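Each chain gets a letter, A, B and so on, in the order the sequences are listed, and its residues count up from 1. Everything numeric in this text was worked out from a predicted model, so none of it was measured. Side-chain atoms are counted along with the backbone in the values below, which use heavy atoms only and exclude waters and symmetry mates.
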Amino acid sequence: MKHSEPSPSEISAPSLPSPLASSFYEPSAEVVAPKLLGHFLLRKTPRGWAGGEIVEAEAYLANDPACHGFRRETARNRSMYGPPGRAYVYFIYGNYFCFNAVCAPKGVAEAVLVRAIEPTFGEDWMRANRPVDEARELTSGPAKLCLALDITRPFDGVDLGDPRSGLVIAQNPNIKTFRKSRAPVVTTTRIGIGVAEHLPLRFYLGGSHFISKRARKL
DNA sequence: TAAGTGATGCAT
DNA sequence: TGCATCACTTAA
C-alpha cells in the first residue's frame, strides 16, 4: 500500500461537534464535573480544532473554602460569578494557567477545574506549544493542558458555547463508548488544596492513561 | 523532595 | 505598602 496510517496531525482538524449549551452548566459544579468526563475540550487553530476528551475534573463550590469565589467577587475570580458556560482562567505559581468551566447561575461562584484531557486532535500543534517526549506528558495536568492548548489570560471569561471564542467544550457523540473504554469513573478528593481536602469532588476516568501525575499516585 | 515564579489578597 | 500564600511543574 502506498500510504501508512494517517498520522494524528492529518486527522486532527475535525469540524467542530456541537458545543454544549449553557444549560448544561447551570447545575452545581458537583453535578456538572462528572458529566463533563468524555466530552471534548477544543481550541481553534489555523488548521482546525485541537484538543481531546476530558478525563479528569474537580468541582469547586460556592460554599466551599477551597473555591476561589468563596469569599467575594474580585478582579481575579470575576468570571466565576458570571453566567454558566464561560471560561474561568487563572494564573498560578508565577508560571502557569489553569482552566475552569463556570457553573451554576449568574452570581453563584462555582466552576469545574479541568485537570486532564486526552490529546486526540491536533497533537502536532499541541506538541509545538509544549514539546515533550511522551504523549502522555502533553495534557496530563491542569497547567500542562493549558500550555499545550495555549490557554492564557485572554480566554478568561469567554463563552465556551460560541465557536468564535476559539475555545469550546463540545459534545462527544461517542461519549458512551469512550467512557466505557476508560471505565470506571472514580470519585475521590481534590489535589493541591489546603482546606476542605476531604470532600469527594474530584472525578476521573480510571482507565485513561492521561490523568494527572499526582492523581495517578493517589 | 524542593525550588521557581509573580499575581493576588489580606493584614498592616 | 508589605508579605505569606498559591486549584503547579520540573529537575533532582
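An OP1 or OP2 oxygen of dA7(B) is reached within less than 4.0 angstrom by no side-chain nitrogen or oxygen of R153(A). At the phosphate of dT8(B), neither OP1 nor OP2 sits under 4.0 Å from any side-chain N or O atom of R78(A). OP1 or OP2 of dC8(C) sits under 4.0 Å from a side-chain N or O of R115(A). In this model, the phosphate group of dC6(C) is not approached by any side-chain N or O of R76(A) to a distance below 4.0 Å at OP1 or OP2.
Rounded to the nearest 0.5 angstrom, L199(A) CG and L61(A) CG are separated by 7.5 Å.
A straight line from CG of L147(A) to P of dC8(C) spans 13 Å, rounded to a whole angstrom. Atom CZ of F91(A) is separated from atom P of dG9(B) by 14 Å (rounded to the nearest Å). E73(A) places its CD atom 15 Å from the C1' atom of dT8(B), with the value rounded to the nearest Å. Atom-to-atom, CZ of F97(A) to P of dT5(B) comes out at 16 Å; the value is rounded to the nearest Å. Taking atom OH of residue Y96(A) and atom P of nucleotide dG6(B), one finds them 12 Å apart after rounding to whole Å. Straight-line distance from the CD atom of E134(A) to the P atom of dT10(C): 13 Å, rounded to whole Å. I193(A) has its CD1 atom 7 Å from the C1' atom of dA7(C), to the nearest Å. Here the P atom of nucleotide dA7(C) and the CG atom of L199(A) are 15 Å apart, to the nearest Å.
Comparing dG9(B), dC8(C), dT10(C) by their nearest atom to the side chain of T74(A) picks out dG9(B). Closest to the side chain of R72(A), from the set dC8(C), dC10(B), dT10(C), is dC10(B). Listed candidates were dG9(B), dC8(C), dC10(B). Nearest to the side chain of I191(A) is dC8(C). The side chain of P142(A) has dT9(C) as its nearest neighbour among dA7(C), dT9(C), dG9(B).
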Please set out all donor-acceptor pairs under 3.5 angstrom arising from side-chain atoms of residues 21-31 of chain A, sequence neighbours excluded.
| residue | atom | partner | partner atom | Å |
| --- | --- | --- | --- | --- |
| S28(A) | OG | E30(A) | N | 3.2 |
| S28(A) | OG | E110(A) | OE1 | 3.0 |

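Residue G194(A) is the one, among G194(A) and V132(A), whose nearest nucleotide of DNA chain C lies closer to the 5' end (criterion: closest heavy atom).
Across all strands shown, dT5(C) is found opposite dA7(B) as a Watson-Crick or G-U wobble partner, with both distances under 3.5 Å.
When ring centroids are compared, F155(A) and F99(A) stay outside the 6.0 Å threshold.
In summary, E53(A) and R182(A) do not engage in a salt bridge, as defined by a charged side-chain N under 4.0 Å from a carboxylate O.
A continuous path of ILVMFWY side-chain contacts below 4.5 Å connects L149(A) to F91(A), so both sit in one hydrophobic cluster.
Stacking between Y93(A) and dG4(B) is absent: the aromatic ring centre is not both under 5.5 angstrom from the base six-membered ring centre and within 30 degrees in plane angle.
Base engagement by A66(A) is indicated by at least one non-hydrogen atom pair under 4.0 Å involving a base atom.
Remark: the Y90(A) side chain and the dA7(B) base include no donor-acceptor N/O pair separated by less than 3.5 Å.
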